[in-house]
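To start, the structure itself, in structure tokens.
Convention: sequence-line order gives letters A, B, ...; per-chain numbering from 1. As a basis for the values below, the full set of heavy atoms in this structure was taken, side chains included, without hydrogen atoms, waters or symmetry mates. Computed from a predicted model, the values in this text were never measured in an experiment.
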Amino acid sequence: MTWLLRGVRPYGEAAVDVLIRDGIIADVGPRLAAAGAERVDGAGLVALPGLVDLHTHLREPGREDAETVQTGARAAALGGFTAVHAMANTDPVADTAGVVEQVWRLGRDSGLVDVAPVGAVTVGLGGTQLAELGAMADSAARVRVFSDDGFCVADPALMRRALEYVKAFGGVIAQHAEEPRLTVDAQMNEGVHSARLGLTGWPAAAEEAVIARDVLLAGHVGSRLHVCHVSTAGSVELLRWAKAKGFDVTAEVTPHHLLLTDDLATTYDPVYKVNPPLRTAADVQALRKGLADGTIDAVATDHAPHAVEDKECEWGAARPGMLGLQQALSVVIVAMVETRLLDWRGVADRCSIRPSRIGGSVRDGHGAELIAGAPANLVLVDAAARSVVDPAELASRSRNTPYAGMELPGRVVATFLRGRPTVLDGKAQA
Amino acid sequence: MRKHLLSAADLDREQATLVLDTAQQIEAALAGREVKKLPTLRGRTVVNLFFEDSTRTRISFELAAKRLSADVINFSAKGSSVSKGESLKDTALTLEAMGADAVVVRHSMSGAPHRLAQWIRGSVVNAGDGTHEHPTQALLDAYTMRARLGRLEGLRVTIVGDVLHSRVARSNVLLLSTLGAEVTLVAPPTLLPVGVETWPAEVSFDLDASLKADVVMMLRVQRERMAASYFPSPREYSRRYGLDAIRMGMLADDAIVMHPGPMNRGMEIAAEVADSVRSTIVEQVSNGVSVRMAVLYLLLGGAEVPL
Amino acid sequence: MKSATDPAPDLSRSPDRLILTAGDMGRVIDRIAHQILEKSAGGRDTVLIGIPTRGAPLARRLADRMRAFEGVDVPVGVLDTTLYRDDLRMRGVRALEETTEPPGGIVDKLVVLVDDVLYSGRTVRAALDALRELGRPGAVQLAVLVDRGHRELPIRADYVGKNIPTAPTEQVKVLLDEVDGRDAVLLQGGRS
């Protein structure tokens, strides 16, 4: 099928036509003609490479009541993503070739987004014994990112071995940095609000201590380290230092940590409970700055669907996590574009190009520049369109969005995966 | 008053004073009576929803509601559907269907009463939530101070002990500062929350330097805290932060000693202090009933429209 | 805080009508004092109990007049009826006032309840309930400065300063020097 996107603005720059044929961007230029092509009126729409999410929880297998690969893939496509990395904390845990291949196939069958399974670092996320990382790497899913996300690989010796071991197949350890002894029963950011609310604090130092340790280990053994959902100003400082030393370290930040702060906990509404927790306004500013200057490489959603009963309860009983796929780009526009911290090329870099290199999805044609000959993975955004977030309208099975009722800019009008539309006119195509 | 009493911060100075004055009038109205019962809340239903054992608080609320002629239902988590995994929300909907006019809730998790207030139409009274607040305890403490010392404005109150885990301390700091008292918190640094410097209170690590007070309020300290290294041993704790006879001797002549109970005698408070004339511990219990009657009257006695 | 359910009548357009002047009030109180003395054989075993807010100073004035006329000391008490009302839901809560039992108590005494205005009768009913908690009086009578009609209960006053026919939309406002800085009875709000 052939598609002609009329008058779109790649990276928000001059309007051109984009011709897509056989999964490839066939041509980019003014007033292209193509007989028989399906036309999309893209006047005013910003074109970006399809977004790549390094950090998604699709919940399948095990919690299909909260999300399935199919519903999560739909949310991803509607959010402008063409590839997502599915975290390993499923039931059973994605710690074997069998489970990662199952998730990978479900993603392929969805036809909406490429699903790259993340393998567990340790058996059952138990933190004591390495999972068969090589088997997962060699499987049909070709796993390259390994993470015990939800848990920290706390044992320093084990972390060192994991960092070293995955070098054999170009893998990367994505660390959920949380010193467990400093976060026993932790409920929210430790600070002024936790003190008043009587909720056990999750200190910034518990994240920063692990990041400090891990960048030193990565530097020492010459391995790649990726730091998940960085949430504090101190973490940004540590990463800046590690990069200055030349360590092979990358990091991601979530949309919610770029926008929301811990004072939201004063409602005791667990929709704002997330791990790592929402931090202070000063942390938000530092994270934005870190993302702008490249200290933080990527935006990753940490999309974490939860069933109603896991959020309609006491704060302490609620599971941490919030939805992110469908509002991620909108939040990036609010936090980074409208504040002039990033231009659209910057957005493309942090939301597509760099994550595709960190997670390896570049091999499948993700994170490619919008030029003739590149794989046609792209998204068209109406950056000016504003709408109020209605949880009932989300594609996810779950409703735990922290953005309910907020008016956000940026509407994904179309998403193309290998030349085929997964979203057209704002509607998912499967 | 608002519809609910969830935090001591819900009360401004005028409203807090109204509660104390009302409690005083109720106490006077019932003083010396054979039948301590008023018809005020006849036909109203008060549910005591206790997810955490606290016999003394539950009995105090039960007595308060009964003395105002309300129908009282005790709904304890033990042996109920709650222990079989029913969620707080389902429990709330059940109480709603039963027509509860007020729910007095005690819960081990901070903020549970706030959640409950979002799901039911009746009034919610926080009877202690996790390590957050216990507003009626603070009201009865303020009532006791005012009854003994005649005022609250400018009163110097030293609160000693496990501030970090204490809902009593949180509510007292808020209420007492609203009422014009000067609060000093004394604890080992491990038992003070990060962020305490933003509270309307002075902070000290030294009990001996903080005894120039009109009121010394001792908080319960659980011995189990030792296991998590909040302090090295009960002996060291009581030596540095316990109120013994020697420290009591350093207090001003008319200073009083308070404790929300239950006490750890020999830990935070010596037996001879707990039993001394300065101690208001027994009064606090009886004042609790009057104050809770006042709260129930002010929340429920009024118009359907929240005041 | 809001305390009444009926929307307050718009008083701005209808001027207050003066029903009793300060002088009238003095004469009315004198008359009631004389009547109580007459019916109680000179105030023997009699106590006066004022219902807050304005019944309390009225009771004290009556006691003063009875002392002036006959030299008797009639004990005076105050009885707050708020917690005994059956219409709290409609009226809303209010600050409670102190209840003070008259010296010597009320058991077997002639209790004269004193209030400023008799209207629905619900306050008096609540007062009778509240009184029961203080003991068993020999008899209970009721003295009011103004009876404005519209009773909702089978209650009548034994001593009435002045009967004032009113419309429900009107308000009878009793002002007392002790509370309001002057003595007067006003009728507010238009007839409709």
Inter-residue atom distance C/Glu98.CD - B/Asp21.CG, 0.5 Å rounding: 11.0 Å
Neighbour count above 12 (heavy atom, 6.0 Å) for C/Lys162 NZ: no
Contacting region of C/Glu97 [heavy-atom separation from chain B under 4.5 Å]: backbone
For C/Leu83 against B/Thr40, the heavy-atom pair lying closest together: O-OG1, 2.6 Å
Rounded distance (nearest 0.5 Å) linking atom CG of B/Leu298 with atom CG of C/Leu96: 7.5 Å
Shortest non-hydrogen contact from C/Glu133 toward B/Lys37: OE2-O, 3.9 Å
Within 6.0 Å of CZ in B/Arg121, more than 12 heavy atoms from elsewhere: no
C/Arg44, CZ: over 12 other non-hydrogen atoms inside 6.0 angstrom: no
